[in-house]
Amino acid sequence: MRSTSLAVGLGVLGIVFIVIAALYAVGVLQILTSTTSGPHYKHAVLFAVLAVASFVAASFARSRTA
Amino acid sequence: MGLLQGASELFPVSSLGHAVLVPSLLHWSFKQSDPSFLPFLVLLHLGTATALLVLYRGQWVAIISGFFTAAIRGQMKTDSERLAMLLLVGTIPAAVLGVFLESRIKSLFASPYVAAGFLVVNGLLMLGFEVVRRRHEKGGSRVEQESQFANAERISFRAAALVGACQALAFLPGISRSGVTIGGGLLAGLRHQEAARFSFLLATPVILGAGLVELPELFKSGVPVLEYVAAAVLSGIAAYASARFLLRYFRSGRLDPYGWYCIGAGLAGLALLHFGLW
């Protein structure tokens with residue numbers, strides 16, 4: 001049960017990271033950036049990687065319940 | 001410049017420190033404050049990353065395949081799968097620190113004094129890693145000593161994250177990425193050769209990712225792209241030769257000679273710059 005909750009939480013976190021990555025890529029999000037306009041591809045790639053890591057972690061957490 | 005970067009990138013002597021320091025000492029016409037300087041360095045790094053991909057092409061196929069297999073299954077069953085996950089865990093801290101600290105660290109790039117100073121620090125770190133390592137070594141010959149330590153696949157996930165975080169130190173000119181990650185690997189209980197292999201594998205996605213993201217900036221800045229690409233090719237060739245040499249060297253070799261070199265080069269650089277002798 002605990003692992004299922006963890007897996008769901010990590011999956012949701014992954015989706016949040018994807019949204020943040022998209023917002024950085026289109027230039028809507030400007031938090032913690034060196035310039036205050038335009039897209040920030042480095043930040044977008046970083047959050048995409050974090051999303052992948054979250055989904056992988058969710059997969060590992062899910063497999064523990066099986 | 002390409003040869004210098006490629007040769008120094010994988011040696012634990014800080015390519016960035018040399019890239020900042022050597023042009024200044026030799027009065028090369030690079031303007032380190034120029035917006036195209038960092039993208040140029042990144043392009044040279046792309047040459048290095050390509051060399052590492054070629055060198056470890058078989059392993060990368062297994063790692064990528066292992067990554068998807070383990071991610072979908074939710075379990076690691078083979079060494080390649082474990083190594084893939086270790087590299088993911090090791091890459092994240094460097095990527096996070098790199099993205100959020102980059103603008104602050106960039107301001108240090110333009111100073112050869114800073115590069116020379118950190119080169120000395122890098123040398124002290126290399127010597128320190130070996131001092132700590134020697135305390136855990138037993139046996140007479142170097143082969144016996146090295147045989148007590150582990151392969152890269154056996155490193156713990158916590159250690160992989162710490163070694164990955166150490167990569168962020170390499171954003172400081174003068175601190176060597178390969179040096180701190182090889183040193184981190186040694187502290188985590190890896191053999192010298194395996195610490196070097198883990199360092200090279202860990203560096204590849206970060207260098208490649210940073211390079212690909214910076215590439216558009218290079219083409220925007222109106223620089224002679226073909227010359228820069230030629231430099232990147234030279235960098236790749238030098239990096240490939242360096243990696244082959246280092247993997248052979250670390251079968252029994254240590255970080256000490258590179259530590260002493262960095263201290264000497266850093267001090268000499270500081271003296272030459274301070275007294276205007278060059």
Side-chain angles (χ1 to χ4, degrees), chain A, chain B residues 35 38-39 42 63-64 66-77 81-82 84-107 109 157 160-161 164 167-168 171 202 204-220:
Chain A
M1 185 65 187
R2 190 177 159 209
S3 294
T4 307
S5 306
L6 183 62
V8 171
L10 287 165
V12 171
L13 186 64
I15 293 168
V16 171
F17 282 145
I18 285 181
V19 172
I20 294 174
L23 293 176
Y24 271 121
V26 297
V28 173
L29 209 54
Q30 303 291 338
I31 301 166
L32 295 171
T33 57
S34 52
T35 55
T36 53
S37 64
H40 298 282
Y41 296 117
K42 270 189 185 173
H43 292 66
V45 170
L46 170 65
F47 279 97
V49 171
L50 289 175
V52 170
S54 297
F55 290 132
V56 170
S59 175
F60 275 80
R62 174 184 53 84
S63 75
R64 273 197 274 165
T65 62
Chain B
L38 187 66
V42 170
I63 288 166
I64 292 166
F67 175 81
F68 285 108
T69 307
I72 292 164
R73 190 198 300 130
Q75 278 183 322
M76 296 169 293
K77 290 187 174 175
E81 291 170 6
R82 182 175 167 79
M85 293 306 157
L86 286 167
L87 292 175
L88 176 66
V89 168
T91 299
I92 288 172
V96 171
L97 293 170
V99 166
F100 291 117
L101 294 180
E102 187 201 17
S103 58
R104 291 181 186 181
I105 295 172
K106 262 184 185 176
S107 62
F109 278 9
F157 279 92
Q167 287 195 95
F171 292 114
L202 198 56
T204 308
V206 173
I207 297 174
L208 205 58
L212 292 175
V213 170
E214 286 282 354
L215 261 187
E217 294 298 317
L218 178 70
F219 291 108
K220 274 184 206 169

Quiz prompt | Contacting region of A/F55 [heavy-atom separation from chain B under 4.5 Å] | solution =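 Contact with chain B involves no heavy atom of A/F55 at all.
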Quiz prompt | Intermediate values then yes/no, side-chain contact (heavy atoms from CB on, under 4.5 Å), B/F67 and A/V52 | solution = CA-CA 11 Å; B/F67 175 81; A/V52 170; 3.8 Å; yes
Quiz prompt | Other residues, nucleotides, ligands: >12 heavy atoms within 6.0 Å of B/F157 CZ | solution =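 It does: B/F157 CZ has more than 12 such atoms within range.
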Practice problem: Measure the spacing between CD of B/Q75 and CZ of A/R62 and express it to the nearest 0.5 Å. | Solution: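 CZ of A/R62 is found 9.5 Å from CD of B/Q75.
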Quiz item: Atom CG in B/L97, atom CG in A/L46: separation rounded to 0.5 Å?
Solution: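 Interatomic distance, B/L97 CG to A/L46 CG, rounded to 0.5 Å: 10.0 Å.
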Quiz item: Within a strict 4.5 Å, meaning less than it, do heavy atoms of the B/V99 and A/Y24 side chains meet?
Solution: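 Not in contact.
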Heavy-atom proximity to chain A below 4.5 Å, by part of [X]:
| X | result |
| --- | --- |
| B/L212 | neither |
| B/M85 | side chain |
| B/V96 | both |

Exercise. Compare every heavy atom of A/S59 with every heavy atom of B/I72, then report the nearest pair and how far apart it is.
Key: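 In terms of heavy atoms, the two residues are closest at O-OG, 3.7 Å.
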